[in-house]
Q: 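The structure under discussion is supplied below as structure tokens; questions concerning it will follow.
Just so you know, ligand 1 is whichever comes first in the structure, and atom 1 is the first atom listed for that ligand.
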Amino acid sequence: MTQQIGSMAELLHAQQQEHMQHRHVSSEQRRARLQQIIDVVVANYQVIVAAMEDDFAGRSQGFSVMNDILGSLASLKYARDNLDSWMGSDNRQVFSPYDQLGSTARIEYQAKGSVGIIGTWNAPLYTLLSPLACVLAAGNRAILKPSEVTPKTAAAIATVFANEIDPLIVGVVIGGVDVGVEFSHLPFDHLIFTGSTSVGKKIMQAAAQNLVPVTLELGGKSPVIVSNSCDLAETCKRIAIAKSNNGGQLCISPDIIYVPKAHIEQAATLMLDTYRSLFPVITDNVDVVPIVNTAHCQRIVDVLSQAQEAESDVRVSHSVDNLQACVSQDKRLPLHLVIAPNKSTRIMQEEIFGPAAVLLPYDDINDVINDINLRDKPLALYYFGEDQAELDLVLANTTSGGVSINDCLMHAAMHDAPFGGVGASGMGHYHGIEGFKALSHARTVFVAPQHDPRGEWGLLPPHHDQFKDMMVAQVTAD
Ligand code: NAD
């Protein structure tokens with residue numbers, strides 16, 4: 001058991017004191033810290049995935065190993081193996097004429113200090129440890145705050161870390177929203193929040209009290225464009241596979257799917273067929289990830305019921321006598337596709353975050369682009385097709401956190417490329433060198449030449465009329 005440190009404010013203060021006394025963290029120390037986290041995950045993963053299985057009342061351990069354990073290990077190992085090149089010298093061009101007088105300049109990426117990391121329940125380990133990889137690679141310390149929606153996982157993470165990791169390097173605090181509120185008001189040197197857009201706004205407000213820089217990893221309604229040029233069967237298969245991932249409880253899950261009007265019937269059928277082939281039955285099927293709890297399951301059922309009451313065209317992969325009964329039973333829901341619902345329905349307005357999607361028919365790709373641009377900037381955008389000119393048009397005229405072409409979700413698994421949102425889907429990045437830089441202070445270091453030429457150039461006071469003339473002569477547009 002490592003030492004315990006009182007309140008979270010005291011823990012942060014103690015970490016920051018340690019940081020000030022040991023500001024320089026060598027690459028060997030950073031690698032050792034990352035390796036220690038990797039070793040702890042490898043040694044304790046069974047306890048953590050068992051807790052996730054309990055929290056989700058049946059999320060399969062195989063899925064949790066793939067999603068949270070392997071996902072976290074991949075981020076940690078990538079940071080461990082690349083931090084030397086990220087930390088390497090970054091020389092910059094000195095302005096003229098100092099460049100000719102022997103000046104040099106460089107950027108040193110300095111550890112910021114202590115970073116707070118608030119995670120979600122849908123990927124309860126990954127949303128803590130994947131950002132932690134860049135935090136530690138950048139030489140920082142961290143305090144993790146797991147989601148209270150998965151309390152057994154939070155407790156398991158806290159116990160494992162308390163037993164094996166020095167809290168002055170990485171501490172864990174657990175608790176509900178009240179703890180999250182207190183956490184977000186602490187004077188961290190950087191705060192990383194993963195969660196909903198609405199809570200993200202509160203986090204930014206709280207962080208502003210102490211001018212704490214924030215990385216906000218939020219969500220939204222990620223659109224999919226099915227082009228006329230695509231292989232429809234393969235496209236629908238891939239969308240259905242992505243939609244099934246974690247029971248649709250993913251920040252980058254396909255949400256609104258734009259399909260050429262002529263193909264909409266066939267697309268719906270193909271997606272539902274794929275879903276049935278992946279999951280012959282839904283209830284009690286361990287391959288189907290349940291909705292995390294009653295409240296979230298009820299929210300999804302309410303959204304679908306409202307779409308039905310609004311006389312939307314709702315298709316379902318597996319018939320269910322009583323959707324409401326699923327809420328109190330095993331919380332596994334079949335795939336629902338809602339075709340062209342009324343714009344005022346909740347399913348058209350809110351992030352679905354469950355096993356459902358909207359299908360919107362279109363005739364003209366420009367209408368699709370306009371519709372995407374009328375909405376909040378999404379975390380992900382997907383394009384399926386082989387029409388290069390159309391793809392170029394889409395990429396040039398939309399924005400999103402990231403893009404996958406001819407598949408969904410894949411860009412987020414890139415460890416060598418930044419992951420993050422834009423606008424309402426977030427700000428800042430982690431993963432790769434961009435994550436390392438986001439968690440470092442980029443400090444410019446200018447080295448002056450031995451000879452100071454300013455006097456002989458007439459740049460020092462007392463100034464004569466020629467000084468102004470010399471300055472004015474340089475006001476040019478070339
Ligand atoms: P949430 O916003 O409800 O909660 C996230 C975290 O914030 C939890 O740890 C919670 O305890 C804490 N929290 C809640 N209210 C708070 C407050 N007022 N002050 C401080 N902390 C508070 O999100 P959720 O339901 O856990 O997760 C689902 C959302 O997260 C979805 O919108 C999803 O798209 C998004 N998400 C984003 C990513 C990403 O990488 N961009 C990844 C996973 C999930």
Q: If we only consider heavy atoms of Phe419, is any one of them less than 4.0 Å away from an atom in ligand 1?
A: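 Within the 4.0 Å threshold, so yes.
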Q: I need the nearest protein heavy-atom contact for atom 24 (P) of ligand 1: residue, atom name and distance, please.
A: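 The answer is Trp121 NE1, 3.4 Å.
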Q: Heavy-atom contacts under 4.0 Å between Ile252 and ligand 1: side chain, backbone, both, or neither?
A: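 No part of Ile252 comes within reach of ligand 1.
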Q: What residue and atom, counting heavy atoms only, is the protein's closest point to atom 6 (C) of ligand 1, and at what distance?
A: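 Its nearest protein heavy-atom neighbour is Gly119 O, 3.4 Å.
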Q: Taking NZ, NE, NH1 and NH2 as the nitrogens, is one of them in Glu434 or Lys437 under 4.0 Å from a carboxylate oxygen of the other?
A: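 No salt bridge links Glu434 with Lys437.
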Q: Quick test of your reading of the structure: of Ile118, Val181, Ile117, whose heavy atom lies closest to atom 12 (C) of ligand 1?
A: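 Heavy atom nearest to atom 12 (C) of ligand 1 belongs to Ile118.
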Q: Number the atoms of ligand 1 from 1 as they appear, then name those within less than 4.0 Å of a heavy atom of Ser147, with their elements.
A: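 Checking each atom against Ser147, I get 9 (O).
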Q: Which residue and atom name correspond to the protein heavy atom nearest atom 7 (O) of ligand 1, and how close is it?
A: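 The protein heavy atom lying closest is Phe193 CE1, 3.2 Å.
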Q: Mark up the atoms of ligand 1 that fall under 4.0 Å of a heavy atom belonging to Asn122, in ascending order.
A: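 Atoms satisfying the 4.0 Å criterion: 43 (C), 44 (C).
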Q: Trp121: which residues meet the ring pair (Phe, Tyr, Trp, His ring centres under 6.0 Å) condition with it, sequence neighbours left out?
A: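 Checked Trp121 against ring pair (Phe, Tyr, Trp, His ring centres under 6.0 Å); matches are His296, Phe353.
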Q: Do the side-chain N and O atoms of Gln298 and Asp302 include a donor-acceptor pair separated by under 3.5 angstrom?
A: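 Checked: Gln298/Asp302 side chains pair up, N/O donor to acceptor below 3.5 Å.
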Q: Which residue and atom name correspond to the protein heavy atom nearest atom 5 (C) of ligand 1, and how close is it?
A: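 Of the protein heavy atoms, Thr194 O, 3.6 Å lies nearest.
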Q: Does Cys251, backbone or side chain, put an N or O under 3.5 Å from an N or O of ligand 1?
A: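 Looking only at distances, the answer is no, because the N/O contact criterion of under 3.5 Å is not met.
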Q: Mark up the atoms of ligand 1 that fall under 4.0 Å of a heavy atom belonging to Phe353, in ascending order.
A: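 Ligand 1 atoms under the 4.0 Å threshold to Phe353: 28 (C), 31 (C), 33 (C), 34 (O).
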Q: Give the residue and atom name of whichever protein heavy atom lies nearest to atom 14 (C) of ligand 1, and the separation in Å to one decimal.
A: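 Result: Val199 CG1, 3.8 Å.
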Q: If you count the non-hydrogen atoms of other residues, nucleotides and ligands that lie under 6.0 Å from OH in Tyr45, is the total more than 12?
A: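 Result for OH/Tyr45: open.
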Q: Short question: side chain of Lys243, backbone of Gly354 - any donor-acceptor pair under 3.5 Å?
A: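 A pair under 3.5 Å: yes.
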Q: Among Ser196, Ala123, Ala154, which one has a heavy atom closest to atom 2 (O) of ligand 1?
A: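 The residue whose heavy atom sits nearest atom 2 (O) of ligand 1 is Ser196.
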Q: Are any of the N/O atoms in Glu351 less than 3.5 Å from those in ligand 1?
A: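 Checking ligand 1 against Glu351, an N or O pair does fall under 3.5 Å apart.
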Q: Looking at atom 21 (N) of ligand 1, is any protein heavy atom nearer than 4.0 Å to it?
A: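 It does; a protein heavy atom is within 4.0 Å.
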Q: For Leu379, take its heavy atoms, then give the atoms of ligand 1 lying under 4.0 Å from any of them.
A: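 Counting atoms of ligand 1 from 1, those under 4.0 Å from Leu379 are 41 (N).
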Q: Does Val149 reach ligand 1, in the sense of a heavy atom lying below 4.0 Å from it?
A: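 Under 4.0 Å: no for Val149.
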Q: Specify the protein heavy atom at minimum distance from atom 35 (C) of ligand 1: its residue, its atom name, and the distance to 0.1 Å.
A: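 Ranked first by proximity to atom 35 (C) of ligand 1 is Gly195 O, 3.3 Å.
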Q: Using modelled atom types only, decide if a donor and an acceptor are shared between the side chain of Arg299 and the backbone of Ile352 within a distance under 3.5 Å.
A: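 Yes: the side chain of Arg299 pairs with the backbone of Ile352.
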Q: What residue and heavy atom of the protein are closest to atom 41 (N) of ligand 1, and at what distance?
A: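 Result for atom 41 (N) of ligand 1: Leu218 O, 2.7 Å.
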Q: Below 4.0 angstrom from a heavy atom of Lys202, which ligand 1 atoms are there? Numbered from 1 as shown, please.
A: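 Listed by number with element: 18 (N).
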Q: Between Lys221 and Glu350 (side chain of the first, backbone of the second, donor and acceptor by atom type, cut-off under 3.5 Å), is there such a pair?
A: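 Present.
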Q: Will you find, in the side chains of Tyr126 and Asn67, an N or O donor that is under 3.5 Å from an N or O acceptor?
A: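 Absent: no donor and acceptor within the cut-off.
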Q: Has the side chain of Thr197 got a donor or acceptor atom that lies under 3.5 Å from a matching backbone atom of Ala424?
A: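 Yes.
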Q: Any N or O on Glu148 sitting closer than 3.5 Å to an N or O of ligand 1?
A: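 Checking ligand 1 against Glu148, an N or O pair does fall under 3.5 Å apart.
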Q: Mark yes or no for whether Asn245, through its side chain, and Ser253, through its backbone, hold a donor-acceptor pair below 3.5 Å.
A: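 It does not hold such a pair.
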Q: Report the part of Thr120 in contact with ligand 1, treating N, CA, C, O as backbone and CB onward as side chain, heavy atoms under 4.0 Å; options are side chain, backbone, both, neither.
A: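 Within the 4.0 Å criterion, Thr120 contacts ligand 1 through backbone and side-chain atoms alike.
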Q: Is there a donor-acceptor contact under 3.5 Å from the side chain of Asp330 to the main chain of Asp284?
A: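 Here the side-chain-to-backbone pair exists.
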Q: Would a distance-only check, ignoring hydrogens and angles, find a side-chain to backbone donor-acceptor pair under 3.5 Å from His318 to Phe279?
A: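 The answer is yes, because a donor-acceptor pair under 3.5 Å joins these two groups.
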Q: Any side-chain to backbone donor/acceptor pair from Arg332 onto Gly58? Under 3.5 Å, distance only.
A: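 A pair under 3.5 Å: yes.
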Q: Out of all atoms in ligand 1, which are within 4.0 Å of some heavy atom of Glu217? Include the element for each.
A: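 Listed by number with element, the hits are 37 (C), 38 (C), 39 (C), 40 (O), 41 (N).
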Q: Are the side chain of Asn140 and the backbone of Ala111 linked by a donor-acceptor contact shorter than 3.5 Å?
A: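 Not confirmed, Asn140 side chain does not pair with Ala111 backbone.
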Q: Below 4.0 angstrom from a heavy atom of Lys145, which ligand 1 atoms are there? Numbered from 1 as shown, please.
A: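 Within the 4.0 Å cut-off of Lys145, ligand 1 contributes 9 (O), 10 (C), 11 (O).
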Q: Under a 3.5 Å distance rule, please check whether Arg276 uses its side chain to pair with a backbone N or O of Ser317 as donor and acceptor.
A: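 Judged by distance alone, yes, a pair lies under 3.5 Å.
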Q: Quick one: which ligand 1 atoms are inside 4.0 Å of a heavy atom on Gly219?
A: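 With Gly219 as reference, the close atoms of ligand 1 come out as 34 (O).
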